[in-house]
Amino acid sequence: MTERAAGGGAVPRALSSFVGRKDLLAELRRRIGVAQLITLTGVGGGGKTRLALELAAQVHRAYDDGVRVVELASARGGDPELLAQVVLSAVGVPDQATTTPLETLVDYLRPRQVLLVLDNCEHLVEPVARLVRAVLAAAPGVRVLATSRARLRVPGEVLVMVPPLDVPAEDAPMDLDYESVALLVDRAEASVPGWRVTPENWPHVVRVLRRVSGIPLAIEQAVVRMRSMPVSLLADRLDDVMRVLTANDTTAVEHHQTMAALIDWSHAHCTPAERLLWARLSVFEGGFSLTAAEDVCAGDGLAADDVADALAGLLDKSIALPSADRSRYHLLEPIRQHGAAQLRAAGEVDAVRQRHQDYFRREAARLAESFAGHNEAALLAAVDADMANHRVVLNDLIRNPDTAHAGLLMSVDLARTRWYTYAGRLPEERLWLGRALAATPPTADPLRASAIALDAWIALCLGVERELVARRVDEADAMAREVGGPVPAVTFVRGAYAVLALGAVDGVELLRQAHEEFGALGPAFAVDHHLAHIMLTVSLVLLGSREQAEPAAEEFYAECERLGALWGISWAHWCRGVVQTRWGDPVGALDVLMEGLRVQREIRDKWGPLWSIEALGWAHSRAGDGSAAARMLGLAHGLHRVTGVRVDGLVPFAWVTAQAVARAKAVLGEDEYARAYAGPAESVEQALAVVLDEVPTPEPDRRPGGLTPAEWNVAKLVGDGLSNPEVATRLVISPATVHTHLTRIYRKLEISSRHQLISLLASMAD
């Protein structure tokens with residue numbers, strides 16, 4: 001069992017120890033250094049995912065840019081654009097680029113050395129194969145490790161069968177070195193108080209392991225039964241259940257029989273309420289909360305008040321798994337699929353999916369209308385947690401002509417939450433809005449005008465070409481005029497366009513008008529009112545006079561403090577810091593901006609840090625610290641490059657940055673500025689660590705010949721006298737990979753032998 005670590009794409013933290021597979025892991029470590037694509041295949045529940053994650057954890061140091069894990073079990077429908085969006089999110093790219101998601105992914109990965117783990121691909125074989133082919137063709141430093149019950153059929157694919165764990169023979173003497181024995185003993189000793197394997201219970205342990213064929217998930221499920229019965233009784237009952245469930249089946253694959261039989265047996269040992277809940281929970285994608293389960297799964301034999309008790313039973317049987325804080329739950333994929341089959345057999349698919357759709361339509365509206373300030377971070381986290389469910393519902397609504405208008409409304413509601421900005425997923429927002437607009441009649445109404453205005457706002461934030469944004473703004477404005485009443489979203493985007501695309505002070509009054517119009521709509525539009533206040537204050541800070549900007553920034557800060565709105569507070573710090581930078585104390589501004597940056601990290605904001613780090617460069621430049629200014633501006637530029645944001649399309653920001661660069665270069669000179677300019681950050685998290693934790697910024701030019709970190713690690717070990725196999729063992733890479741690194745090292749350092757490398761490193765140490 002694993003739990004996803006904070007930060008999309010990171011190798012998940014294991015909640016239980018990894019057992020066995022030593023020889024297979026060694027073989028995979030050798031192959032992963034040579035093959036571009038390895039696909040782990042085998043029976044569901046056979047441990048493919050756990051093996052892939054263990055391998056990734058062991059070899060991550062061999063990749064300069066790390067490991068990225070992409071969980072695809074909840075990605076459904078085979079939509080290539082959405083698949084690329086899922087991968088982008090897991091890889092950690094705040095997808096702000098104006099290219100397609102796949103192009104953005106390929107451009108990001110092209111210069112990098114990354115191990116990309118694609119988990120649970122079997123239901124998306126064709127779109128995954130297309131994505132993998134595109135990535136591997138363009139990114140020679142990328143390796144892909146996939147888990148799938150079907151091969152991807154990509155050229156160069158190495159297919160590795162993940163067999164069940166080895167099991168002892170019926171008459172084998174007691175031996176804890178068998179992989180299946182080690183797993184059962186590890187899990188049972190952890191969950192069954194006082195249990196130990198002994199010579200007396202050894203024969204029963206062997207019977208259990210042979211009946212479940214050494215399948216890891218089946219072993220884990222069997223251990224659950226050991227909580228309530230001795231292993232001898234478990235062995236007897238497993239014999240019976242396997243015999244009954246496979247008596248007349250001569251066609252099924254043995255391992256599939258075993259897994260299905262054990263899950264069927266677990267199903268049979270559930271109460272009727274638990275079985276009903278299990279089936280209905282299968283409609284959720286990416287997990288669920290208790291509240292969602294109660295709303296979607298209750299009815300027709302299961303009262304809402306009984307859902308919590310039934311869920312507790314499923315948790316006790318390890319059928320449902322909890323998050324660390326038990327705020328959310330999920331089903332492992334083989335378990336979910338079994339539940340889906342039961343739902344189909346009961347003829348309940350349409351009814352339960354309709355309740356799922358209704359729930360998340362209401363949830364999107366609630367999240368858009370529930371902003372009170374103090375709950376801001378919680379609302380954004382709630383959208384984040386259920387985005388997989390929202391995507392499924394949006395897709396179903398928009399594809400059906402009878403519900404396309406509801407899909408447009410839901411896409412607008414989700415856009416209004418600002419989650420796409422917060423999570424760095426703005427192109428995905430444009431994707432849903434564009435599809436919903438295309439699927440609905442082009443009749444003039446406030447909702448459609450607002451959707452077009454939102455699309456224009458996103459394009460503006462991305463720095464899309466001014467002419468394209470202008471046409472979208474004009475389209476929204478024309479529809480608002482046709483509607484005949486004020487459409488605040490249109491007023492807002494007109495003002496934002498004037499400020500950001502033209503640098504025109506006239507836009508300030510339009511933003512002030514939008515702020516008033518949203519306020520007049522009441523509490524249901526409090527989040528829109530708040531966003532308009534942010535943009536109004538930012539515009540005054542960048543384009544207004546000190547007499548306008550200073551009181552506006554203080555007023556906005558006081559309002560955010562009163563509301564307790566954390567995302568707003570981070571922008572209030574930004575506004576106050578920029579005011580001090582421009583007209584007051586730039587040294588004092590640094591503390592204010594850093595505090596805003598700390599808030600942004602606390603709430604895991606993927607958008608605000610781009611601008612906070614840029615503003616730190618402005619402040620350092622005003623304070624006369626050219627080196628620090630160059631460092632911050634370099635980090636910010638790296639983030640803009642990674643995210644695809646065109647700063648030159650955001651005129652006031654570009655103006656202030658140009659002034660800051662000019663001042664820093666006047667202090668340092670061109671050459672020193674270039675040396676001080678920080679290496680580009682690969683992610684928002686890395687940039688935050690550099691600024692807030694004072695982690696040294698990567699500076700490849702300070703390593704001899706511009707060696708990469710991986711090459712430098714190899715070079716240092718060779719300098720210490722290690723052979724290629726010894727270096728490979730130390731870094732958990734293949735000897736072939738060591739040889740490749742050395743070839744590049746020799747070329748970069750303009751040397752030709754190991755002896756010359758050792759001599760060069762020795763002279764550097766002196």
Side-chain angles (χ1 to χ4, degrees), residues 96-98 411-412 415-416 418 420-421 426-427 429-430 433-434 437 444 446-483 485-519 525 527-544 548-549 552 556 571 574-575 578 607-608 610-611 614 640 643-658:
Q96 311 293 342
T98 56
S411 67
V412 168
R416 289 176 56 212
R418 302 161 302 150
Y420 295 101
T421 304
L426 290 181
E429 183 176 359
R430 292 199 75 193
L433 286 169
L437 285 165
L447 176 64
R448 190 173 187 83
S450 295
I452 296 170
L454 280 167
D455 182 57
W457 163 243
I458 302 159
L460 186 59
C461 290
L462 288 168
V464 172
E465 290 183 18
R466 184 183 305 170
E467 293 76 13
L468 297 176
V469 180
R471 285 199 294 271
R472 206 62 170 151
V473 172
D474 288 344
E475 185 181 352
D477 190 43
M479 186 166 288
R481 293 176 187 279
E482 189 176 348
V483 168
V487 180
V490 176
T491 308
F492 173 82
V493 80
R494 287 175 57 213
Y497 176 79
V499 168
L500 296 179
L502 305 177
V505 179
D506 295 349
V508 174
E509 288 310 309
L510 284 169
L511 289 169
R512 196 185 310 278
Q513 180 182 335
H515 183 237
E516 293 170 355
E517 289 176 357
F518 278 126
F525 286 83
V527 67
D528 310 85
H529 185 243
H530 183 59
L531 177 60
H533 199 176
I534 293 176
M535 192 59 213
L536 172 61
T537 310
V538 168
S539 67
L540 285 168
V541 165
L542 291 175
L543 297 179
Q548 295 171 312
F556 178 54
W571 277 101
W574 187 92
C575 291
V578 173
W607 174 256
L610 279 67
W611 311 105
E614 184 108 0
H640 291 308
T643 58
V645 175
R646 288 181 48 192
V647 180
D648 59 345
L650 303 171
V651 171
F653 290 92
W655 284 345
V656 182
T657 295

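Below, all heavy atoms of this structure are taken into account, side chains as well, without hydrogens, waters or symmetry copies.
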[atom1] of [X] to [atom2] of [Y]: how many Å apart, nearest 0.5 Å?
| X | Y | atom1 | atom2 | value |
| --- | --- | --- | --- | --- |
| H515 | D528 | NE2 | CG | 11.0 Å |
| L511 | I534 | CG | CD1 | 12.0 Å |
| E475 | R448 | CD | CZ | 7.5 Å |
| S411 | R430 | OG | CZ | 13.0 Å |
| M479 | D474 | CE | CG | 13.0 Å |
| L543 | L500 | CG | CG | 8.5 Å |

Does some side-chain heavy atom of [Y] sit less than 4.5 Å from a side-chain heavy atom of [X]?
| X | Y | answer |
| --- | --- | --- |
| L454 | Y420 | no |
| R472 | V493 | no |
| R466 | L502 | yes |
| T537 | W574 | no |
| C461 | L426 | yes |

Check side chain to side chain contact (heavy atoms under 4.5 Å, CB included) between [X] and all other residues, then give those that pass, not counting sequence neighbours.
| X | answer |
| --- | --- |
| Q513 | T491, L510, E517 |
| A498 | A504 |
| A451 | L408, V412, L433, L437 |

Distance-minimising heavy-atom pair for [X] and [Y]:
| X | Y | value |
| --- | --- | --- |
| A514 | A532 | C-CB, 4.4 Å |
| V651 | A501 | CG2-O, 3.2 Å |
| P652 | G503 | CG-CA, 4.4 Å |
| A444 | E482 | CB-CD, 3.5 Å |
| W607 | T421 | CB-O, 3.1 Å |
| V487 | P446 | CG1-O, 4.1 Å |

Could you pull out all residues at least two apart from F518 that satisfy ring pair (Phe, Tyr, Trp, His ring centres under 6.0 Å)?
->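 With sequence neighbours excluded, F518 shows a ring pair (Phe, Tyr, Trp, His ring centres under 6.0 Å) to no residue whatsoever.
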Those residues that, when tested against F556, pass ring pair (Phe, Tyr, Trp, His ring centres under 6.0 Å) (two or more places apart) |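 Ring pair (Phe, Tyr, Trp, His ring centres under 6.0 Å) list for F556, sorted by chain: H533.
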For residues 446-465, pull every pair meeting ring pair (Phe, Tyr, Trp, His ring centres under 6.0 Å), keeping only residues two or more places apart or in separate chains.
->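 Counting only pairs at least two positions apart or across chains, the ring pair (Phe, Tyr, Trp, His ring centres under 6.0 Å) contacts touching residues 446-465 are W457-F492.
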Would you confirm whether S539, through its side chain, and L536, through its main-chain N or O, come within 3.5 Å as a donor-acceptor pair?
->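 Pair found, side chain donor or acceptor close to backbone of L536.
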